[in-house]
S.K.: 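Just dropping this structure here.
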Amino acid sequence: MRDFMHISPRIEATGLRIGRNGASLLNVAHLVLDGPGPTLILGPNGAGKSLLLRCLHGLIVPDEGRITMEGVPLSTTHRARQAMVFQKPVLLRRSVMANLTYVLRRQGLGWRARRLRAVQLLEEGGLAAKARQSAQSLSGGEAQRLAILRALAIEPEILFLDEPTSALDPSATQAIEGLILAAARRGTRIVMVTHDIGQARRLGADIVLMNGGQVAEQARVGTFFTDPQSAAARRYLAGALVI
Amino acid sequence: MQDFSQEFMSAIGLILSGDSDLWEIVLLSLRVSLLAVVIAALIGMPLGAALAVARFPGRRAVVILLNALMGLPPVVVGLLVYLCLSRSGPLGVLQLLYTPTAMIIAQVVLVTPIITALTRQTIETLDAEYAEQLRSLGISRLASVPTLLWDARLALLTAFLAGFGRAIAEVGAVIMVGGNINHVTRVMTTTIALETSKGNLALALALGAILIFIAVTVTAVVSLLAPQERASEMRHA
């Protein structure tokens with residue numbers, strides 16, 4: 001149905017543990033993100049989804065455990081090849097265009113090349129008409145689109161997304177899903193947290209279900225939705241409140 | 001009452017006629033205070049921003065001290081600057097006492113803590129929003145300072161104007177280190193104090209009116225900018 005290039009880097013996490021005040025917040029024995037297409041991380045609130053995403057991106061250092069990219073321990077060099085989009089878009093208090101040229105300048109692009117690339121990205125995201133506007137004046141959906149375009153501007157090998165559409169209406173969600181799928185087709189590994197089972201079906205190639213800080217199940221999308229192996233996954237898909 | 005109304009009319013006359021003495025004093029006041037605030041901003045804004053993003057032992061104590069320094073008594077600052085610049089002081093050799101430069105130094109000492117503390121607060125709030133995103137982009141905490149300063153520019157302009165308001169209205173420190181010398185170090189506040197004591201109310205009233213106009217304008221600009229900042233933050237929330 002969807003053809004994804006299988007060139008995205010392999011991420012492997014082993015023995016990840018994060019605890020606070022005696023409570024275990026994250027306890028992931030082994031997780032490999034290697035298959036083609038987007039990985040969607042599902043699970044209830046407090047399941048450790050966002051924490052896992054931040055660990056994989058290197059924003060949080062786990063108390064214990066090891067994360068590797070292509071077999072090499074995660075470092076700041078890796079982060080330069082990754083990008084993350086947050087639930088609430090964090091846009092610079094500058095114009096829409098300047099939000100893109102800011103990261104492009106860090107990529108070492110000259111003034112003209114930055115502008116050209118920014119315009120190209122804005123056209124791709126349907127924001128070209130708003131290039132000169134203040135980023136603060138964008139609607140929620142537009143702001144999140146800009147945040148994704150800015151993340152894609154660095155042509156990341158891995159794009160982490162933390163519930164990017166949780167506050168958006170269906171048409172804004174559709175626009176964002178379009179951008180994510182396009183990036184996935186170009187070979188960017190997508191690792192995305194969502195609450196929305198429908199979204200996981202639409203976008204996911206690989207599903208990871210988190211529960212209580214642990215990976216309850218990891219499976220290809222077809223298997224996960226038709227033949228879930230874990231009790232947590234069966235209850236989650238049946239619409240039960242998994243706490 | 002008759003006398004006061006006459007003095008008031010004379011004051012208006014002085015302002016409207018473009019009295020050279022009056023405008024010389026006004027321009028010197030503006031020159032001294034603007035220069036002092038620019039210098040204080042050049043020191044205070046990067047310092048305040050660095051303090052906002054840096055994490056080190058004793059940081060909390062530094063922040064408390066900085067906030068306390070916002071309330072430095074101007075007369076004490078005047079005394080300290082006087083001691084430094086006086087003939088036998090450590091900077092006496094520069095012969096700056098009773099010059100506009102001495103007044104600028106005193107105002108810089110007074111205003112720098114204000115701008116630093118306000119910058120620290122502003123940048124800390126913005127950093128709470130930006131920190132994770134900037135780290136994700138591979139920007140270290142200290143390297144994020146220029147980005148934070150630029151993006152907080154509107155709020156920092158209010159810090160700048162607050163500093164200017166404080167400097168232009170200052171009297172105690174500048175009279176001590178400037179000496180209130182006619183045509184040399186006489187500024188609006190020191191002239192008002194002197195002329196009032198001499199009974200020359202017209203000049204004092206004229207300068208008072210201009211000073212009030214400047215202070216009100218500055219406050220109005222600050223209040224006009226502040227809601228924009230808040231609105232932009234609310235849209236962002």
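In the text below, chain A, chain B and the rest are named by the order of the sequence lines, each starting its count at 1.
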S.K.: Salt bridge or not between Lys88(A) and Glu132(B)? Use side-chain N to carboxylate O under 4.0 Å.
M.R.: no
S.K.: Given that the side chain runs from C-beta out, which part of Leu134(B) has a heavy atom under 4.5 Å from chain A: side chain, backbone, both or neither?
M.R.: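 The side chain, not the backbone.
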S.K.: For the candidates Met84(A), Arg54(A), Gln82(A), Arg94(A), which exhibits the highest count of non-hydrogen atom pairs separated by less than 4.5 Å from chain B?
M.R.: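 Most pairs with chain B among the choices: Arg94(A).
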S.K.: From Leu92(A) CG over to Tyr130(B) OH, what is the distance, rounded to the nearest 0.5 angstrom?
M.R.: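 Answer for the CG-OH pair, Leu92(A) versus Tyr130(B), is 4.5 Å.
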S.K.: Once salt bridge (charged side-chain N to carboxylate O under 4.0 Å, His left out) is applied, what residue pairs with a partner in residues 51-72 of chain B remain, sequence neighbours excluded?
M.R.: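 Residue pairs passing salt bridge (charged side-chain N to carboxylate O under 4.0 Å, His left out), neighbours aside: Arg59(B)-Glu124(B).
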S.K.: Please check if atom CD in Gln133(A) has more than 12 non-hydrogen atoms from other residues, nucleotides or ligands closer than 6.0 Å.
M.R.: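 Atom CD in Gln133(A) is packed in, count exceeds 12.
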S.K.: Is there a side-chain contact between Arg93(A) and Leu154(B) (heavy atoms, below 4.5 Å)?
M.R.: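 When only atoms from C-beta onward are counted, Leu154(B) and Arg93(A) do not touch, as no gap falls below 4.5 Å.
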S.K.: Supply the atom-to-atom distance Phe160(A) CZ to Ser136(B) OG, rounded to the nearest 0.5 angstrom.
M.R.: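 So the gap between those two atoms works out to 9.0 Å.
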S.K.: Under 4.5 Å, heavy atom to heavy atom: which of residues 101-111 of chain A reach chain B? Give them by number, or say none.
M.R.: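 Result: Tyr102(A), Val103(A), Arg106(A).
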